[in-house]
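Everything on this sheet refers to the single structure shown next.
Quick note on labels: first sequence line is chain A, next is B, and so on, each numbered from 1. Nothing here was measured: the structure is a model prediction, and the numbers come from that model.
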Amino acid sequence: MSRGGANRSGPARAALGIAGLLLFLCAWQAIGYYRLAGLSWPPLTDVIALLADPERWPLLGRALSATLAAMTAGYLLGIVLGLGAAVGAHMFPIAHPGTDRLAAVVNSIPSIALGPVFIVFLSRESTAAAIAAAHAAFIIYVAASSGLAAASRGHRDLLVVLGASRLSRLRHLDLPASLPSLSTGLKLAVPAALIGTIIGEWFGAPRGLGVLIVNAMQNFQIALLWSVVVLIASTSLALYSALSLLERACYARFA
Amino acid sequence: MNAIGRTAVAVLRNGWGILLLIIVWQAWVTAMNFNAIVMPRPLGVLQDLIGFPEVYWKNAVYTIGAAVIGLVLGMALGTGLAILAWLSDVLEGMLTPLTVLFSSVPVVTIIPIVARLLGYDFSTVLAIVVIICFFPAFVFTTSGLKALPAGADDLFRVLGARTPARLLRLALPAAVPNWSVALRVAAGHAVLGAMIAEYLMGTAGLGYLFAETKSDFNMERAFGATAVAMVVSILFFAAALAVERRVKERWN
Amino acid sequence: MTAAIHVDRARKTFDLGKGKSVEALAGVSLEVRPGEFVAIIGPSGCGKSTILRLIGSLEEPTAGTVTIDGRPPRELAGAHRLGVAFQDHALLPWLSVWQNVTLPLQVAGVKPDDAKIAALIRLVGLEGFEKARPRQLSGGMRQRAAIARALVLGPEVLLLDEPFAALDAVTRRYMNIELQRIWTESRITTLLVTHGVDEALFLADRIVVMSGRPGRIIENLDIDFPRPRMPALMRTPAFHALYDHLADLLEPAAAENEPVAGGGES
């Protein structure tokens, strides 16, 4: 009777979630251990062993810090570009439809095609950050645009009646009202920027996790390949979770 | 005249950003006097597109095929699993954290793993598209199955509706708007995902064409492949957006 | 065909978590005879909706029993013999009026009788709107559709949970007149939960007045205005006398919660 709508208690839900996670990890281990998927699927324990091996840390650490640096630069640039475009379109409504179309088209450019362009205009080193910025900028733009339109009509009318200028309406109403939506965008932009960085690194960055992935793939270093992917996933998850907290705080305060 | 004028204004209003992008590109290439091997001009790309349509056409069909089949399979898998999770609280409890985990993971990074598992061919490209489309389908359908109209759940209970009736007449129809959002998101990613996969290990398709021509320094064709991929991707997205609009209209 | 409701010393406490709980009903007993129209009035949070939800099998009592013709409500719901209309019409937005009205039959696995559905839609005055979707209808028309849907199974018990609370005063009065006309034709055992004293007086054979938290019954009043009742009834001195009496009963709790005079808003 209670299908699809049951509210289990917190502990029961947590137990089920942990059970699911354990089941997933056990399946991973079993498939790898019994070679059910061939040699390309290592047991979980091999991956953990590699990640826990201090001799590997310098290699992984260098790659991780290179990727994080590129990603952070791209992410911040993406915020500036996306937020700037959204605020610009918000302040000058005549530019809005054109900005929307431009953003949609730029977003539909395959990221692998951005690589050669950025390599020409910029350099091999900064291509990863540039693609990350392009990915993040679009998500931030969409989130900020919808956020800036989120203020209620009543509030907007109130400020107009009070004689607020366009700029002070932006400052006192539209920007604060856009924060919840923007915080969601900031969260979603993290995996997107990371993907952009990795793809950018595939275009011949000197170091980074993306480079490590391609090398491991080509040299049949299966455990290393999986370890790097796990490392990327964990990084993404950690940053995503941290920004989820920010998002929650924003919703609690401004929504 | 008036109609033409209005159309021109509409094109300018909507397209000024894109026009600007192309003009800056052309001007930049002309001003810097780049060699076409390094950076082609928009006009050169256009010439290649018009001059050799069959090259683009064949590869586009391949990529579209992978994107469509992958989209259908991924949506079906995601929707099916969401329905199973709706039917079983235990399954739902076990899957929820896993999907949260996976949806924050950059899927593209597992392409090399999938390639190692499935080999360097169409099935890898397809598998990547399926995986990319699966997550939005599952996440949005799961929440859609619970986004019931106010009071509808109580109504069905008082009416003595059993699980099949609640699924077919309430939860599934209620999930359609969310499902159409998933379709839009997945459709946008399907083409780009297929293209990245083809670029890395494909044997045909627009991504493969891009990779091949780039390494031959045939940049005009590489950019042509990109342009075709963009058009296809935008068409996919626009079609899914049209579906979503119609659904929203009907579902209120 | 129509059933009796027995509520025997029913208690209901809701668990608020962290060891806290709130008592919504404190041992309420209520008898509704077959074919009787009973209205429950009381201030917000007096548990009147909880009684209705107990009878509708939407909640289980913490203590005491609730039966319809001697059986638990769940059985009647399972046999598709309850009709219900809520404050928010709960029409499915993706279905037309016709499809919404036939929904209970489909849930029950009964083949819809087109002539009967058409007659029911005529009865609630929605003829010509069969193909319309809920969002194309006014608030009053949505509630008419919801009432047609409540009646389509030929239910043994009709449960109405403030069905007109979201309507404006004029539409609401009009809907009361319509409901009384419809009910006079079917004479189903009906339980109406409402804020509106005039609504209850105009429609019910008996009015049960409840007091606030925890909910208990403080008055059980037979209303023996002859049927069919006409709108003019609402202007008679007898109606006004009963109205004032009931309004006084609601006064202490109502004063801080909501205006009761003049029909009261939701």
Side-chain angles (χ1 to χ4, degrees), chain B residues 75 78-79 82-83 86-87 89 92-93 96 137 140-184 240-252, chain C residues 49 52-60 68 73-96 99-100 102-110 132-137 142-143 146 149-150 152-153 155-163 166 191:
Chain B
M75 287 297 291
T79 310
I83 292 171
W86 185 86
L87 288 169
D89 292 337
E92 196 208 340
T96 307
F140 281 96
T141 310
T142 300
S143 65
L145 288 168
K146 290 180 191 154
L148 308 179
D153 203 40
D154 281 351
L155 174 76
F156 272 67
R157 279 162 70 195
V158 175
L159 291 176
R162 284 175 246 288
T163 303
R166 283 187 57 222
L167 178 64
L168 288 176
R169 304 206 177 271
L170 179 58
L172 279 182
V176 171
N178 269 26
W179 187 87
S180 71
V181 174
L183 182 67
R184 191 234 304 156
L241 193 64
V243 171
E244 187 191 341
R245 290 234 168 97
R246 286 198 66 147
V247 164
K248 289 252 160 84
E249 207 172 279
R250 166 125 195 228
W251 258 253
N252 204 6
Chain C
S49 285
L52 190 122
R53 292 177 68 82
L54 290 173
I55 298 168
S57 82
L58 293 168
E59 308 278 358
E60 293 287 337
I68 303 174
R74 191 170 288 270
E75 269 184 40
L76 246 83
H80 319 291
R81 284 153 69 187
L82 292 177
V84 69
F86 300 109
Q87 176 177 340
D88 47 354
H89 52 82
L91 297 175
L92 301 185
W94 54 84
L95 299 181
S96 68
Q99 291 167 319
N100 263 298
T102 46
L103 178 80
L105 295 173
Q106 288 170 326
V107 164
V110 177
R133 292 193 188 284
R135 74 185 150 92
Q136 296 165 314
L137 303 178
R142 286 179 201 158
Q143 286 304 345
R149 185 181 58 190
V152 72
L153 285 168
E156 295 175 31
V157 171
L158 185 59
L159 303 172
L160 304 173
D161 191 358
E162 308 198 34
L191 199 64

So for C/E75, is it side chain, backbone, both, or neither that comes closer than 4.5 Å to the heavy atoms of chain B?
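Contact with chain B: none, neither part.
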
Quick one: which of C/L105, C/L153, C/L82 gives a side chain to side chain contact (heavy atoms under 4.5 Å, CB included) with B/L159?
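When side chain to side chain contact (heavy atoms under 4.5 Å, CB included) is applied between B/L159 and each of C/L105, C/L153, C/L82, only C/L153 qualifies.
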
Identify which part of B/P149 has an atom lying under 4.5 Å from any heavy atom of chain C, answering side chain, backbone, both or neither.
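Looking at B/P149, just its side chain touches chain C.
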
Heavy-atom cut-off 4.5 Å, strictly under: side chain, backbone, both or neither for B/L168 against chain C?
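Contact with chain C involves no heavy atom of B/L168 at all.
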
Backbone N or O of C/G56 within a donor-acceptor pair of the B/R157 side chain at under 3.5 Å?
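Absent.
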
Between B/D154 and C/R53, is the side chain to side chain contact (heavy atoms under 4.5 Å, CB included) condition met? List the steps.
CA-CA 9 Å; B/D154 281 351; C/R53 292 177 68 82; 2.7 Å; yes

Contact summary for [X] and [Y], nearest pair of heavy atoms:
| X | Y | answer |
| --- | --- | --- |
| C/D88 | B/A150 | OD2-CB, 2.9 Å |
| B/L155 | C/A90 | CD2-O, 3.9 Å |
| C/W94 | B/R250 | O-NH2, 3.4 Å |

With rounding to the nearest 0.5 Å, note down the distance linking CZ in C/R135 to CD in B/E249.
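Here the rounded value is 6.5 Å.
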
